[in-house]
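Proteins get letters first, then strands, A, B, ... in listed order; numbering begins at 1 in each.
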Amino acid sequence: DTGVSQNPRHKITKRGQNVTFRCDPISEHNRLYWYRQTLGQGPEFLTYFQNEAQLEKSRLLSDRFSAERPKGSFSTLEIQRTEQGDSAMYLCASSLSGISGELFFGEGSRLTVL
Amino acid sequence: AQSVAQPEDQVNVAEGNPLTVKCTYSVSGNPYLFWYVQYPNRGLQFLLKYITGDNLVKGSYGFEAEFNKSQTSFHLKKPSALVSDSALYFCAVSYKNYGGSQGNLIFGKGTKLSVKP
């Protein structure tokens, strides 16, 4: 099963450190999304790419957050100078454009900032 | 602003009974509506969607949902619940943005469904 893959699955870091998450989408999918989910809440949209172009960013995505999808395949989400409020599950999803809303999600990367 | 509300944090149902998980939405223009399910330690899985056409939409695992434009609702239903349906259910809405392409998905807070034997 070549679904959406996210690494690492868990990351514990100290406040102020930088962390990077990687997402490998389903290979034929040209859209890639990042969401953040905290306990008791639904996923919150962060950003999405169509191929290598970042088409939309949420206001939630502060300047400490940056996402890339350099070759239109895998993507990275970097958080600089982490804060305790960044602790959450970071979800990646992919889709084909034109298949309205049917996203395929990975299992997520859980970040704990101490 | 676009939003989704799931008024129930938890729904408890006995196995074999019908279940309903409620969702209401607020979006300008025509909505695209979705249900996703999240099992423990698993990623979110697509269940069904309403884009246009028939108000009753059928999806995976025997689930269906009814789009009601006047009540701005999209409730998830199943005629006979199974213990294995116990999971977290999320309603989501999308819309066409000004460019004509689909905007991102906005999720509700989720409803925990518990089906007891």
Quiz item: Is B:Tyr61 linked to B:Leu76 within one hydrophobic cluster, defined over Ile, Leu, Val, Met, Phe, Trp and Tyr using a side-chain heavy-atom separation of less than 4.5 Å?
Solution: yes
Quiz item: With a 4.5 angstrom heavy-atom cut-off, which part of B:Asn41 approaches chain A: side chain, backbone, both or neither?
Solution: backbone
Quiz item: Same hydrophobic cluster for B:Val57 and B:Leu47, using side-chain heavy-atom links shorter than 4.5 Å among ILVMFWY?
Solution: yes
Quiz prompt | Hydrophobic cluster identity match, B:Tyr39 and B:Val11, side-chain contacts under 4.5 Å | solution = yes
Practice problem: Measure A:Leu55 against the heavy atoms of chain B and call it side chain, backbone, both or neither at under 4.5 Å. | Solution: neither
Exercise. Report whether A:Val19 and A:Leu61 are members of the same hydrophobic cluster (ILVMFWY, side-chain heavy atoms less than 4.5 Å apart, transitive linking).
Key: yes
Practice problem: Nearest 0.5 Å please: distance from the CD atom of A:Gln37 over to the CZ atom of B:Phe90. | Solution: 4.5 Å
Self-check item: Within-4.5 Å side-chain heavy-atom neighbours: A:Tyr35 and B:Phe107
Solution: yes
Quiz prompt | Contact origin within A:Glu44 toward chain B - heavy atom pairs under 4.5 Å | solution = neither
Quiz item: Can you tell if the side chain of B:Phe34 reaches within under 4.5 Å of the side chain of A:Leu103, non-hydrogen atoms only?
Solution: no
Quiz item: Measuring heavy-atom distances to chain A, does B:Gln45 have an atom under 4.5 Å in its side chain, in its backbone, in both, or in neither?
Solution: neither
Quiz item: Is there a ring pair (Phe, Tyr, Trp, His ring centres under 6.0 Å) between A:Phe105 and B:Phe46 once you walk through the steps?
Solution: CA-CA 9 Å; A:Phe105 282 84; B:Phe46 170 81; over 10 Å; no
Quiz item: Does one hydrophobic cluster hold both A:Val113 and A:Tyr90, with members joined at side-chain heavy-atom distances below 4.5 Å?
Solution: yes
Quiz item: If you count the non-hydrogen atoms of other residues, nucleotides and ligands that lie under 6.0 Å from CZ in A:Arg9, is the total more than 12?
Solution: yes
